[in-house]
Number of protein chains: 2
Amino acid sequence: MKHTIKFNPYDVEAIEMARFAKALGHPVRIEILRFLESQACCFTGEIVEVFPLAQSTISQHLKELKEAGLIQGEVNPPKVKYCIDQVNWHKAQKLFNEFFNQMSDVSRACST
Amino acid sequence: MKHTIKFNPYDVEAIEMARFAKALGHPVRIEILRFLESQACCFTGEIVEVFPLAQSTISQHLKELKEAGLIQGEVNPPKVKYCIDQVNWHKAQKLFNEFFNQMSDVSRACST
DNA sequence: TTATATCATCGTATTTTTACGATATTAAAA
DNA sequence: TTTTAATATCGTAAAAATACGATGATATAA
């Protein structure tokens, strides 16, 4: 054990934000969220039609978005209606906003 | 070839945003950026001291942040001074802002 | 009861990510 | 000239992500 300043593994907010960011880390998931927004809500099938990916692949992406908390699915067999999860959405929005704005406050002189 | 509406692979903005998001998709990279901000700029060694990861691992994370455009490194052997890349930072800030705010504009009624 | 339609999940292959120790690099210090 | 100090890169192993086809699950329609 070296006696340097160690972070208690990771900061809770950093973990939370990284989780959202990771979910946003693939173009198709960004576009799924956009599409979901433009339709307010929609079924899996509508999304599958729009993207050049297999149904199972889209379903997998939807699962990741759901697990990250960004969307929620209301199951209504045999259909599932997805929409943005408003609570977590705003949480993510706030995290990213604070993150980027906090950065902008500081003097950015990159001196020697 | 089914004649459904296909996206021309992916939207340029979606790709760009996903690239930023992916770079933000790991807690340690979030914290590195925060740390970098609190110091305005700093050397690799200062970052290595703070996190419980090997020097080579931190260097790898820095490389990813650099390749995503979020930071830049001014080499000054044997040291390298890193700071936030202001141009791309603001680009990312804008992308995320638009993304989240556009979403909030729309009516969110999740009707049947 | 037996399809059917709509999704999710499974199995699998390929690629990417994450992390480490070891080694290479390079200007300055001895 | 030979260290030394600070980083990057390489090699590698383990885990996770990505994509697909095939199969499973479930309420409704026939």
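Here is how names work: the chains are called A, B, and so on, in the same order as the sequence lines, proteins then strands, and each is numbered from 1. Keep in mind the model is a prediction, meaning the values are calculated, not measured.
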Margin query: What is the first contacted nucleotide of DNA chain C and what is the last, in 5' to 3' order, if contact means an atom lying under 4.0 angstrom from a heavy atom of chain B?
Written below: C/dT16 to C/dA27

Note to self: Under the rule for side chain to side chain donor-acceptor pair (under 3.5 Å), what residues qualify as partners of A/Glu64, not counting sequence neighbours?
What the structure shows: A/Arg29

Please report the distance, rounded to the nearest Å, between [atom1] in [X] and [atom2] in [N].
| X | N | atom1 | atom2 | value |
| --- | --- | --- | --- | --- |
| A/Leu62 | D/dT18 | CG | C1' | 14 Å |
| B/Glu64 | D/dA17 | CD | P | 14 Å |
| A/Phe51 | D/dC20 | CZ | C1' | 18 Å |
| B/Lys79 | D/dT7 | NZ | C1' | 11 Å |
| B/Gln55 | D/dA8 | CD | C1' | 7 Å |
| B/Lys66 | D/dA8 | NZ | C1' | 8 Å |
| A/Lys63 | D/dT18 | NZ | P | 13 Å |
| A/Phe43 | D/dT26 | CZ | C1' | 16 Å |

Indicate whether OP1 or OP2 belonging to [N] is found under 4.0 Å from a side-chain N or O atom of [X].
| X | N | answer |
| --- | --- | --- |
| B/Ser56 | D/dT7 | no |
| A/Thr57 | D/dA19 | no |
| B/Tyr82 | D/dA6 | no |

Item checked: Upstream residue (5' side of DNA chain C) when A/Lys22 and A/Ile58 are each assigned their closest nucleotide -> A/Ile58

Under the rule for side-chain contact (heavy atoms from CB on, under 4.5 Å), what residues qualify as partners of [X], not counting sequence neighbours?
| X | value |
| --- | --- |
| A/Gln60 | none |
| B/Ala18 | A/Pro27, A/Ile30 |
| B/Thr57 | B/Leu53, B/Ala54, B/His61 |
| A/Gln55 | A/Val48, A/Ser59 |

Donor-acceptor pairs under 3.5 angstrom involving side-chain atoms of residues 19-26 of chain B: please list them, not counting sequence neighbours.
unit_1: B/Arg19; atom_1: NH1; unit_2: B/Glu67; atom_2: O; d: 3.1
unit_1: B/His26; atom_1: ND1; unit_2: B/Val28; atom_2: N; d: 3.1

Note to self: Under 4.0 Å, counting only non-hydrogen atoms across every strand here, what does A/Ser59 touch: a base, just sugar-phosphate, or nothing?
What the structure shows: base

Check: Would you call B/Asp85-B/Lys66 a salt bridge at under 4.0 Å N-O?
Finding: no

Do any N or O atoms of the protein come closer than 3.5 Å to N or O atoms of nucleotides 28-30 of chain D, and which pairs are they?
none

Next item on the list: Please list, chain by chain and in numerical order, all residues satisfying salt bridge (charged side-chain N to carboxylate O under 4.0 Å, His left out) with A/Lys63, sequence neighbours excluded.
Entry: none

Check: For A/Asn101 and B/Gln93, what are the C-alpha separation, side-chain angles and deciding distance, and is it a side-chain hydrogen bond (donor to acceptor under 3.5 Å, both in side chains)?
Finding: CA-CA 8 Å; A/Asn101 292 334; B/Gln93 181 174 34; 2.8 Å; yes

